[in-house]
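What follows is one structure encoded as structure tokens, with my remarks underneath.
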Amino acid sequence: MLSDKAAAGPRTRLGVLGWPVAHSRSPAIQNAALEAVGLTGWRYQLLPVAPTLLSETAAALGPAGFRGANVTIPHKPAALALAHERSPRALAIGAANTLTFAPDGTISAENTDAPALIAALPFPVAGRSALVLGAGGSARAVVWALLDAGAARVCVWNRGADRALALCAQLGATPVTSAGPADVLVNCTSVGLAGSPPAFDALPVGAVDLTGYGCVVDLVYAPGETELIRAARARSVATVDGLELLVGQGALSFTLFTGRPAPVAQMRAAARGA
């Protein structure tokens with residue numbers, strides 16, 4: 001745990017790297033957590049950074065007074081590559097969503113998406129099946145997490161089949177070209193974000209198909225509920241929405257940044273109220 005002196009020191013800035021990132025609720029969540037634990041000198045902010053500028057920006061954050069940064073689309077694979085130190089989990093996934101900056105300039109990479117997913121599911125996945133939609137950095141974390149937790153079969157669908165094939169070859173999942181029933185369905189695509197097409201026009205499942213899943217997880221979060229989550233709940237299917245996952249991974253990142261236990265209740269309230 002950080003001492004009060006350390007907590008009041010100059011390296012008390014945090015942020016979230018993304019492009020775009022204006023929609024992120026991480027500042028509301030993390031600033032509520034900082035206030036709840038009494039780190040009043042700390043501030044968490046948006047860090048909109050184009051992909052071509054990520055490496056040089058990350059290298060400058062530590063000297064500029066940043067203790068750490070969360071990482072979102074599209075930077076997760078690149079964030080792992082630029083780090084000097086990488087956790088075994090982040091290396092296995094091939095993507096990082098959390099960077100911490102040491103006073104000597106060392107950048108460390110971690111992935112908190114994976115454990116947050118497993119913690120949020122309503123049942124253990126050991127021996128069960130899953131269908132993952134998408135093949136980007138978030139999907140890599142989801143696939144790895146499910147297999148690491150003992151899932152018997154994890155299938156991956158992506159609109160571009162080549163990316164699904166590559167991901168599955170690296171992580172040990174099964175590529176598919178159509179959707180079938182499974183215990184867990186996880187949407188890792190951008191469908192559901194503002195400006196995206198209607199969910200059931202863009203995804204390989206229809207609303208009526210959702211009863212074939214024991215739980216529907218949507219990494220996307222939006223005002224209210226996404227169309228996918230709304231349709232699943234209307235059919236009494238268990239759901240985990242993107243805000244719950246955002247809070248879960250953010251709580252783990254918060255502890256990495258500050259050395260303090262995360263005030264999850266306050267973070268969840270801030271996420272829902274942002």
Side-chain angles (χ1 to χ4, degrees), residues 10-34 42-87 89-91 93-114 116 134-142 163 188-196 219-222 242-243 245-258 267 270-271 274:
R11 297 178 59 80
T12 54
R13 298 174 71 189
L14 303 168
V16 54
L17 291 156
W19 189 257
V21 76
H23 67 283
S24 176
R25 299 194 190 186
S26 289
I29 295 168
Q30 297 288 354
N31 282 322
L34 292 169
W42 293 55
R43 289 294 180 272
Y44 188 105
Q45 66 190 72
L46 296 174
L47 295 169
V49 177
T52 55
L53 299 176
L54 178 64
S55 183
E56 63 183 272
T57 300
L61 288 177
F66 281 80
R67 182 69 60 84
N70 291 114
V71 183
T72 188
I73 295 172
H75 297 322
K76 293 182 181 184
L80 179 72
L82 64 81
H84 305 102
E85 297 178 351
R86 307 168 181 90
S87 75
R89 179 167 56 211
L91 275 173
I93 291 168
N97 77 323
T98 306
L99 298 176
T100 53
F101 309 108
D104 65 0
T106 299
I107 301 174
S108 299
E110 180 57 278
N111 191 301
T112 65
D113 286 330
S138 295
R140 295 186 66 87
V142 167
R163 293 189 70 185
C188 300
T189 76
S190 60
V191 173
L193 289 174
S196 65
L219 270 61
V220 173
Y221 60 89
L243 283 180
L245 294 171
L246 182 67
V247 169
Q249 65 82 20
L252 295 171
S253 295
F254 179 88
T255 299
L256 287 174
F257 296 151
T258 68
M267 296 175 81

**OP:** Find the distance between OG1 (Thr100) and CD1 (Ile107) and round it off to the nearest 0.5 Å.
**Re:** 9.0 Å
**OP:** Give, for atom CD1 of Ile29 and atom OG of Ser24, the distance between the pair rounded to the nearest 0.5 Å.
**Re:**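 The OG atom of Ser24 is 7.0 Å from CD1 of Ile29, to the nearest 0.5 Å.
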Original post:
Has the side chain of Arg67 got a donor or acceptor atom that lies under 3.5 Å from a matching backbone atom of Leu14?
Top reply: no
Please tabulate, for side-chain N and O atoms in residues 43-54, each donor-acceptor pair with protein atoms closer than 3.5 Å (sequence neighbours left out).
from  : atom 1 : to    : atom 2 : distance (Å)
Arg43 : NH1    : Thr40 : O      : 2.8
Tyr44 : OH     : Gly15 : O      : 3.3
Tyr44 : OH     : Asn70 : OD1    : 2.6
Gln45 : OE1    : Arg13 : NH2    : 3.4

Taking the side chain as every heavy atom from C-beta outward, state whether [X] and [Y] have any atom pair closer than 4.5 Å.
X: Leu80; Y: Val71; answer: no
X: Leu99; Y: Leu61; answer: no
X: Arg25; Y: Leu246; answer: yes

For [X], what residues pass the side chain to side chain contact (heavy atoms under 4.5 Å, CB included) criterion, not counting sequence neighbours?
X: Ala33; result: Phe254, Pro263, Met267
X: Ser196; result: none
X: His23; result: Tyr221
X: Ser190; result: Leu193

Subject >> More than 12 heavy atoms from other groups under 6.0 Å of CG on Leu256 >> reply: yes
Please name the pair of heavy atoms, one in [X] and one in [Y], separated by the smallest distance, quoted to 0.1 Å.
X: Leu219; Y: Ser138; answer: CD2-CB, 3.5 Å
X: Gln30; Y: Gly250; answer: NE2-O, 3.1 Å
X: Ala96; Y: Ala109; answer: CB-CB, 3.7 Å
X: Val220; Y: Gly192; answer: CG1-C, 3.6 Å
X: Gly18; Y: Thr72; answer: CA-CG2, 3.6 Å
X: Ala114; Y: Ala141; answer: CB-O, 3.8 Å

List the residues meeting side-chain hydrogen bond (donor to acceptor under 3.5 Å, both in side chains) with [X], not counting sequence neighbours, and say none if there are none.
X: Ser87; answer: Glu110
X: Thr57; answer: none
X: Ser55; answer: none
X: Thr112; answer: Asn97, Gln249, Ser253

Original post:
Taking only residues at least two apart or on different chains, which pairs with a member in residues 69-79 satisfy salt bridge (Lys or Arg N to Asp or Glu O under 4.0 Å)?
Top reply: Lys76-Asp113
Subject >> Partners meeting salt bridge (charged side-chain N to carboxylate O under 4.0 Å, His left out) with Arg86 (sequence neighbours left out) >> reply: none
